[in-house]
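Quick caveat, the model's predicted, so the values are computed rather than measured. Lettering of chains follows the sequences in order, A, B, ..., and the numbering in each one begins at 1.
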Amino acid sequence: MLEKNYNPKDFEEKIYADWEQSGDFKPDMRANKDNFAIVIPPPNVTGVLHMGHALDDTLQDILIRYNRMQGKNVLWQPGTDHAGIATQMVVERNLAKQGISRHDLGREKFIETVWKWKEQSGGTITKQLRRLGASCDWSRERFTMDEGLSRAVRKIFVNLYKDGLIYKAKKLVNWDSKFLTAISDLEVVQKETLGKMYYYKYPIEGEEGEFIHIATTRPETMFGDTAVAVSAKNEKLNHLIGKNCIIPIINKSIPIIADDHADPEKGTGAVKITPAHDFNDFEVGKRHNLPLVNILNPDATLNENTPYAGMTTLEAREKTIAKLTELGVMEKIEDHPMVIPYGDRSGVIIEPLMTDQWFVDAPTLAREAIRVVENGEMQFVPKSYEKTYFEWMRNIQPWCISRQLWWGHQMPIWYGPDEHIFCEENEEEAQAKADKFYGKHVELRRETDVLDTWFSSGLWAFSTLGWPDKSEYLDKFYPTSVLVTGFDIIFFWVARMMMMSMYAMKRIPFKKCYIHGLVRDEKGQKMSKSKGNTIDPMETIEKYGADALRFFMAAMETQGRDINMSESRIAGYRNFATKLWNAARFCEMNECKSIKDFDETSAKLAINKWIIAKAKLATKEVTDNLDAYRFSEAANAVYQFVWGTFCDWYIELSKPVFYGEDESQKAETRAVAAWVLDRILLILHPFMPFITTELWNNTATRDVKLIHAQWIKNETIDTNALTEIDWAIDLISSIRSLRAEMNIPAATKLVVKLKGANAQSQNSLKALENIICSLARLENIECVADNYAITPDMVQNVFKEATLLLPLKGVVDFSAERERLNKELANLNKNIEGYARKLSNASFVERAPAQVVEEEKRRQAEALANKEKIEEALARIANF
RNA sequence: GGGCGCUUAGCUCAGCUGGAAGAGCAUCUCGUUUACACCGAGAGGGUCGGGAGUUCGAACCUCUCAGCGCCCACCA
């Protein structure tokens with residue numbers, strides 16, 4: 001017995017526990033079937049589920065369940081990411097509350113603390129994924145710092161190193177002065193800020209009273225200047241090229257050089273060159289062999305190469321300006337809108353800094369990764385994202401992979417006494433190589449840097465499946481079927497997976513990459529903790545059920561667009577679940593038990609044949625749309641069928657049967673209703689796994705669990721079964737509409753005389769009389785002999801057939817109707833003119849497809865007939 | 001500067017191959033009826049951002065103008 005009220009909390013968690021305990025999420029490895037696999041984008045191990053995950057993982061679960069129901073061998077590979085900086089940051093913050101810094105603990109103790117934190121909070125997000133209904137194979141859960149995955153990381157690293165694709169270099173990198181580490185270009189966010197432009201002048205050496213005018217936004221970097229550049233084409237200034245100028249305050253002489261980096265149109269036309277602190281200047285410096293003067297400490301304070309050692313850049317800037325003013329070389333200060341780089345995690349200004357770092361030769365790795373997208377081996381859905389991908393990949397820069405952090409994969413690099421590098425998968429091998437290299441035992445020192453988190457994420461598609469070991473999972477499931485992720489992750493992850501997979505496996509990591517948008521708040525604003533506009537998916541689930549949230553995500557997911565949260569809409573989908581719940585109760589109350597191996601094609605009754613055809617059409621629609629990754633279309637197809645067709649019409653149409661006398665009709669209708677409900681649960685299951693399973697367990701008699709029930713493809717559909725009932729529905733709708741328009745009370749039973757009607761329609765009417773009278777609240781309906789026939793599409797709007805309906809009971813005011821008919825008539829006249837014009841257009845008649853012309857003629861004829869009828873109707877009601 | 005996308009009902013958005021404009025929510029009217037008021041029936045509401053072009057036919061294709069958003073790069 002179903003409870004009276006739909007209450008998802010009663011069963012959602014229970015059902016999930018059953019699935020997981022019964023091993024329903026595990027692939028059947030013995031079976032020789034088609035394989036389908038998705039690797040989950042690993043959430044941060046210590047994170048909590050947000051709406052972005054809810055979207056991402058709902059879409060994946062839909063695909064997973066849909067494919068599982070097609071009898072495929074399905075694996076959804078779950079796991080979490082160690083998220084280097086993010087996790088280290090959280091743990092450091094916790095320690096800070098106790099007044100402890102990571103340096104107090106030391107590296108080993110600190111890492112231990114992080115592991116403890118991981119043990120303690122690491123299960124949160126996976127629990128939340130379960131609550132959402134994600135049918136991952138949890139027995140295979142992986143973590144990027146697992147022994148197996150770490151081994152994969154070391155192996156790839158060593159291979160890349162030995163292939164010359166990883167190298168160490170002293171380069172200008174993005175330096176995060178809060179975390180004291182280098183970060184990659186992608187982890188830098190540019191922010192629009194209103195800054196200032198400072199204009200001042202450097203005296204020309206040996207020429208009293210001569211100056212070169214400089215403009216800069218960062219005067220404090222002048223102590224690192226090693227040249228001033230002027231374009232050779234700059235007529236006003238190029239006479240200074242070759243001379244020297246003096247940096248004030250420190251009185252250092254630097255050359256004035258010719259370089260086109262100095263745009264005569266910008267600033268003063270002369271640019272101070274600070275090669276150690278600016279990416280452009282670095283390039284200029286390389287071209288001219290300029291010395292590098294580093295003026296910053298790692299914490300972004302100025303160092304002893306400046307007069308202001310120990311000061312922050314802002315403090316030093318103040319000092320510098322004051323001093324320049326005092327020296328009389330300061331000219332002016334202007335407001336200047338500019339873009340300043342910040343660390344995406346630390347939020348501090350990122351300084352370009354010269355340091356030793358490790359790089360992956362991304363441009364080389366990108367070549368294969370580009371090729372397999374160009375030739376269509378890996379396809380983006382929507383396709384337009386491949387442009388974004390190409391754009392980035394074709395301009396890719398070496399990837400800085402070393403991080404001066406503690407939490408992460410420590411690089412498999414050892415240094416000998418003379419700094420000779422040994423790169424091996426483990427310490428023993430490195431030691432052996434070193435001993436051999438030096439001809440004696442030596443002490444090795446391991447590189448302390450760890451790898452960028454995305455290095456290990458890049459291996460995720462194959463490392464989780466068991467690589468570098470031989471693995472059945474790898475054989476069956478690699479390349480995986482599809483990767484589902486947000487557009488903001490294309491560069492961070494998709495691109496790197498492509499590069500790493502093409503390098504390590506020589507094969508693509510996934511055949512398709514489905515990219516979705518962001519989940520925003522109701523107003524379309526990006527959700528963020530700082531704005532306080534985040535919505536916790538767990539609270540939404542608590543309030544409306546996981547099914548409602550999932551359906552919302554699916555129904556809103558249209559390719560290439562962001563999703564705005566809408567509580568009213570989620571409520572709407574909870575209502576949808578309630579509706580289905582009540583429809584199932586209706587079936588239960590009328591003893592609609594599903595019959596094992598019921599042959600639905602044996603149904604005789606028109607309404608039953610009709611709903612069966614409709615159900616099959618809905619199935620096809622869902623199937624086609626899911627195959628094309630059109631989630632919203634698929635979801636809406638089920639929604640429309642369940643609510644608009646099954647509940648609104650079929651249940652109502654079945655009532656006269658259930659409340660009638662004919663037992664054989666009743667029996668058939670019971671079986672068919674049960675069959676349809678069964679079908680609904682089947683096609684709705686990927687979207688709403690909980691309610692469908694709960695109902696299935698209560699109503700279905702099939703001895704298979706819904707999660708494994710067979711999806712039905714390529715059925716034959718008896719579309720002829722649609723006509724009669726569709727006609728009746730149009731008729732009923734029209735009568736209802738007319739009744740409302742004419743203000744006839746619902747209680748008033750009408751007598752309807754249907755004028756015309758050919759033999760077939762008369763038969764239909766006879767057969768469906770009960771239904772039509774009951775649903776349209778009629779006393780009776782009868783056909784009146786006449787000279788024109790009724791076809792289903794003629795009854796689309798009864799107003800066009802106004803003479804068909806003559807209310808005999810109740811007082812009816814026709815004035816509104818008269819007005820309406822007159823309007824209709826005017827419209828019709830306009831249309832008739834239009835048709836005539838079109839049909840007399842020789843170009844149209846000759847060039848449009850014959851059927852289109854026919855259609856136009858048919859419409860013209862119809863319009864003319866309608867016109868006649870309306871005129872007739874007007875004449876009739878003239879007496880009222 | 002380069003790229004991508006958006007503009008359709010009051011709101012949020014669908015609309016796939018060019019063939020008589022759709023959904024949900026909101027609004028208004030009415031509710032006989034035992035699956036459901038988290039409901040039912042009905043209604044109103046659109047110059048598909050503006051303009052031009054291609055076509056027998058354009059929300060859809062082309063050009064153009066305007067507005068909005070995102071990504072990348074740069075800005076002394």
Using a cut-off of 4.0 Å on non-hydrogen atoms, how would the nucleic acid contact of A:N636 be classed: base, sugar-phosphate, or nothing? nothing
Parallel, tilted or perpendicular: which one describes the rings of A:F551 and A:Y573, with boundaries at 30° and 60°? tilted
Can you find a donor-acceptor N/O pair under 3.5 angstrom joining the side chain of A:R569 to the base of B:C25? no
If the cut-off is 4.0 Å, is A:Y659 near the phosphate of B:A35, judged by side-chain N/O to OP1 or OP2? yes
Out of B:C36, B:G42, B:A14, which has the shortest distance to the side chain of A:S737? B:G42
Between A:E334 and A:K332, is there a salt bridge with N-O shorter than 4.0 Å? yes
Which part of the nucleic acid, if any, lies within reach of A:R585 when heavy atoms closer than 4.0 Å are counted: base, sugar-phosphate only, or nothing? sugar-phosphate
Same-atom distance (C1') from B:G53 to B:C16, integer angstrom: 25 Å
Could you tell me whether the side chains of A:Y198 and A:E220 share a donor-acceptor contact shorter than 3.5 Å? no
Of B:C25, B:A35, B:A41, the nucleotide closest to the side chain of A:S568 is B:C25
Phosphate-side-chain proximity, A:N5 and B:C38, N/O vs OP1/OP2 below 4.0 Å: no
Which whole number of Å gives the distance between the P atom of B:G49 and that of B:C39? 33 Å
Residue A:E633, side-chain heavy atoms: nucleotide from B:G24, B:C13, B:C16 that is nearest: B:C16
Less than 4.0 angstrom between a side-chain N/O of A:K387 and OP1 or OP2 of B:G5, yes or no? no
Calculate the interatomic distance between A:D344 atom CG and B:C71 atom P; express it in whole Å. 13 Å
Report the distance from atom CD of A:Q190 to atom C1' of B:C74, rounded to the nearest whole Å. 9 Å
Rounded off to whole Å, could you give me the CG-to-P distance for the A:N395 and B:G1 pair? 18 Å
Among the candidates B:U7, B:A41, B:C39, find the nucleotide nearest to the side-chain atoms of A:R561. B:U7
Give a yes or no on whether a salt bridge exists between A:E588 and A:R585, defined as a side-chain N under 4.0 angstrom from a carboxylate O. no
Result for 5'-nearest mapping on RNA chain B, choosing between A:I340 and A:A583, is A:A583
